[in-house]
Amino acid sequence: MHKPFAEFKVVTKCFKKLCALQDVEFALAPGEIFGFIGPNGAGKTTTVRLMLGFYAPTHGTVRILGCDPVTEFHRLGGQVGIMLEQPGILQRLTAREYLEYFGALVGFSRGDMRLRAAELLEMVQLPDRADSRLAEFSKGMRQRISLARCLLSRPRLIILDEPFDGLDIETRCLIRDTLPQVCENQGTAVFITSHNLPEIEEISDTVAIIKQGHILAVDRTDALKSRVANPNILIVSLSGDYDEEKLTKLVPDANYRRRTRDLVLNLNDSRVSRDEFLMQLLRAGISVRSVCQKTPSLEDVYFALTKAPLEGRAS
Amino acid sequence: MRTVLSAVAKKEILEFLRYDKTDILSVIAMPVIMQWFLLLSSIKTSLLLPGEHARSAPTVALMYVPLLLIPFLGNALLRKSFDHEKATGAILPTLATGINPGILWATKTITMFCCCYLVSMVVLQFDILIMTFYFNAPIVFALNIVILILLTAPILALATMALFSFLHWMFKLNGLVSSLAPVGGMAALYYLGGSHLSKNRLMGGTVLIVLATASIFCLCGIAISRMSRRRILSL
């Protein structure tokens, strides 16, 4: 079994009176994409800073690639790539100069550095802007350069803090498509925090949900979704000439929610069971195209877990 | 290590060359005006009083060019580089590469000092031209005076700059720290001019000044190497 690339063991981080993280535990396996989601102020950025060694834990242990990131940060240089919400670019340098600067910092020779910079500029679809100053770049372009810098040294671990924030669709797709490729080709592990749940759901192998410094759940994405799967929530796909009034009268005590051409029906609090509803639907002759059980999304998991009181949290 | 040092130095030089020229000129203007007050009074002295001491006074007063200009301009560059990188988070990926913060600080400070030194030499040449052709003031090219202007005064300025640079890395109170430079410059001018600092006193202290500056520089570098990166990033 491979050693985890990142490991948090009962980590607590307190700032004076505030405890930003409490007893946080998770491990990130090689080649895994680990999504870390939670509301604002939940402790996501604190976790990232602990991983980068900018904070030392109050209690517990943080190991990154087998090293303590606070005291052994010099051993991690080049093995950890970071991309943060604030790209932190050097505005007076050109894209090529910027990448070459970081290439030199992580130990590339001049020749390798130039080749790698050109390769990455191609990858982030900015080869024609290589000699433009970064000050002239839009936010999306800056994030692309930031992604290129992050991948520069072919790191074993990539840490991304809110990488999708405020980006256009193209840049989001670029990040979303690049990360799984890198994981597959290089065995890189990716730790990603975000509010953008559809993207996290699509690319993450494992997801952790954090709230007020506590991890509410850590599991494979599918396993988390199956936890909140509810057979009593149905999606009724309506045909063109449906009768909504007739439909809602079938089960008056059910919870209905209109979603474009579909009706989401929650029978949880209803006296009518799912089978009875289907029978009544047939008997009433209401024209519907399909009825199916709603597959939970990561958003459903997130709301189900974050709205529950902390005492009842799952592990 | 050599690649790292040259990369940091190259980056600082590129940024220096690309700063807004108006900004840089306005920063340079203040110490240049200040040193001209001293220069003018020493030119008057040299024209009015007889003797070797009075004759060399204007040339000796040229030491105020590096002595004032380097800390003033250096402080402005520190603000533009360190403070800006801290504020925008640009320093964060640099530190995450595993580079020793002390080495990063020393390379940045030395590079900035070299840029300021070159600018001060250009100003010095203009001063000499104006003194010679406009004021007809005598220029004395004695070895001790040349060492004073080209070595001792800039080294003293480097010590000041290293301390400012250290403060910029230590604290987030940039407005307060930055205001110390002009105040420090004025105080230095008052002290050095007011106490009739003789060239002999400074000349005799060259070795001491070099040693003191090297010690200050090393101590600052060691302190930064041992400082937590959280402190440097002001997180």
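Letters A, B, ... mirror the listed sequences (proteins, then strands); counts begin at 1. What you see below is based on every heavy atom in this structure, not just the backbone, and it leaves out hydrogens, waters and symmetry mates.
- In this structure, CG in B:Leu92 is found 7.0 Å from CG in A:Leu52, a value given to the nearest 0.5 Å.
- Contacts of B:Ser228 with chain A are absent, with no heavy-atom separation under 4.5 Å from either backbone or side chain.
- A:Ile89 touches chain B through its backbone: at least one of N, CA, C or O sits under 4.5 Å from a heavy atom, while the side chain does not.
- Looking at A:Ile159, there are no atoms closer than 4.5 Å to chain B (heavy atoms on both sides), in backbone or side chain.
- For A:Phe73, the side chain to side chain contact (heavy atoms under 4.5 Å, CB included) partners are B:Pro101, B:Arg229, not counting sequence neighbours.
- Ranked by heavy-atom pairs under 4.5 Å with chain A, the first of B:Pro93, B:Ala87, B:Gly89 is B:Pro93.
- Environment of NE2 in A:His59: sparse, with no more than 12 heavy atoms of neighbouring residues, nucleotides or ligands closer than 6.0 Å.
- Side chain of B:Arg230 to backbone of A:Tyr55: no donor-acceptor contact under 3.5 angstrom is found.
- Counting heavy-atom pairs closer than 4.5 Å to chain A, the top-ranked of the candidates B:Ile232, B:Thr94, B:Asn100 is B:Thr94.
- Within 6.0 Å of the CZ atom in B:Arg18, the count of heavy atoms belonging to other residues, nucleotides or ligands exceeds 12.
- Atom CG of A:Leu76 sits about 11.0 Å away from atom OG1 of B:Thr97, to the nearest 0.5 Å.
- The existence of a salt bridge linking A:Glu100 and B:Lys11 is excluded, since no basic side-chain nitrogen approaches an acidic carboxylate oxygen closer than 4.0 Å.
- Within 6.0 Å of the CZ atom in A:Arg172, the count of heavy atoms belonging to other residues, nucleotides or ligands exceeds 12.
- Rounding to the nearest 0.5 Å places OG of B:Ser81 at 9.0 Å from CZ of A:Arg92.
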Is there a side chain to side chain contact (heavy atoms under 4.5 Å, CB included) between A:Thr94 and B:Leu14 once you walk through the steps?
CA-CA 10 Å; A:Thr94 65; B:Leu14 283 174; over 6 Å; no
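- Of all heavy-atom pairs between A:Tyr101 and B:Ala7, the closest is CD1-O, 3.6 Å.
- Proximity to chain A (any heavy atom under 4.5 Å) is shown, for B:Ile99, by both the backbone and the side chain.
- In this structure, chain B has a heavy atom under 4.5 Å from the side chain of A:Arg149, while its backbone stays farther away.
- Counting heavy atoms from C-beta outward, A:Arg49 and B:Leu233 have side chains that stay 4.5 Å or more apart.
- Between B:Thr3 and A:Phe108 the shortest heavy-atom distance is CG2-O, 3.9 Å.
- With respect to chain B, the highest number of heavy-atom pairs below 4.5 Å among A:Pro155, A:Gly107, A:Ser146, A:Ala104 belongs to A:Ala104.
- The contact between A:Pro69 and chain B is made entirely by backbone atoms, counting heavy-atom distances below 4.5 Å.
- Within 6.0 Å of CZ in B:Phe133 there are 12 or fewer heavy atoms belonging to other residues, nucleotides or ligands.
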